[in-house]
Each structure stands twice: as C-alpha cells, then as structure tokens.
Amino acid sequence: MVAIPAGAQQLPTATPASTQELQATYDRLLTSIEKIPIFDNHGHPGFADDPDVDAMASVPGSVPLRLSL
C-alpha cells in the first residue's frame, strides 16, 4: 500500500501502447474471433428470384431456433 500525503493530488498515469503491442493484441484477438462458429439458425423467407435473400443450408445436426425453445 502506498501512502499519499493529505492534500497531494494523484494524477493518472497512462502510457499508450506501442504499434507492436497493439498489433500483437489484434493478432491474438483475431485468432480467437476466427474460432467462433457463425451460424444463423433462423429463417429469412424471401422470393425465389431474390438474390439478396440470405439462403443458407442448416448445419448438419442443428436444431431450428423455433424447435429449441
């Protein structure tokens, strides 16, 4: 424990991270983020000729959201 004399002001001290430290952090996070499985388990109904519909086959063994509740 550090004793601070009465009336003394404690100023914050922060040191910005270096470019190499930031890059290492981003690389570490990206590796973890890329391991997160992405699966949209709800329907996006649309028209058959609509190219903007997010049509994706279900992952084998997955259960639709409406059946899992």
Side-chain angles (χ1 to χ4, degrees):
M1 180 173 222
V2 176
I4 300 173
Q9 183 179 8
Q10 180 70 22
L11 298 175
T13 57
T15 311
S18 70
T19 303
Q20 288 104 359
E21 291 172 324
L22 287 176
Q23 190 61 51
T25 300
Y26 291 150
D27 292 341
R28 188 183 77 250
L29 288 172
L30 182 59
T31 302
S32 297
I33 290 168
E34 287 176 338
K35 292 178 184 176
I36 299 171
I38 306 280
F39 176 63
D40 186 0
N41 66 346
H42 62 277
H44 292 240
F47 299 105
D49 60 348
D50 186 358
D52 292 328
V53 172
D54 183 18
M56 182 174 89
S58 296
V59 176
S62 67
V63 178
L65 181 62
R66 63 183 156 72
L67 297 177
S68 66
L69 300 174

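On a predicted model such as this, the values are computed, not experimentally measured, just so you know.
Judged as a side-chain contact (heavy atoms from CB on, under 4.5 Å), and not counting sequence neighbours, the contacts of Gln20 are Ser18. In this structure Ala24 satisfies the side-chain contact (heavy atoms from CB on, under 4.5 Å) test with no other residue, sequence neighbours excluded.
Tyr26 forms part of a hydrophobic cluster together with Leu22, judged by ILVMFWY side-chain heavy-atom separations under 4.5 Å.
Leu30 contributes atom CG, which lies 11.0 Å from atom NZ of Lys35 (distance to the nearest 0.5 angstrom).
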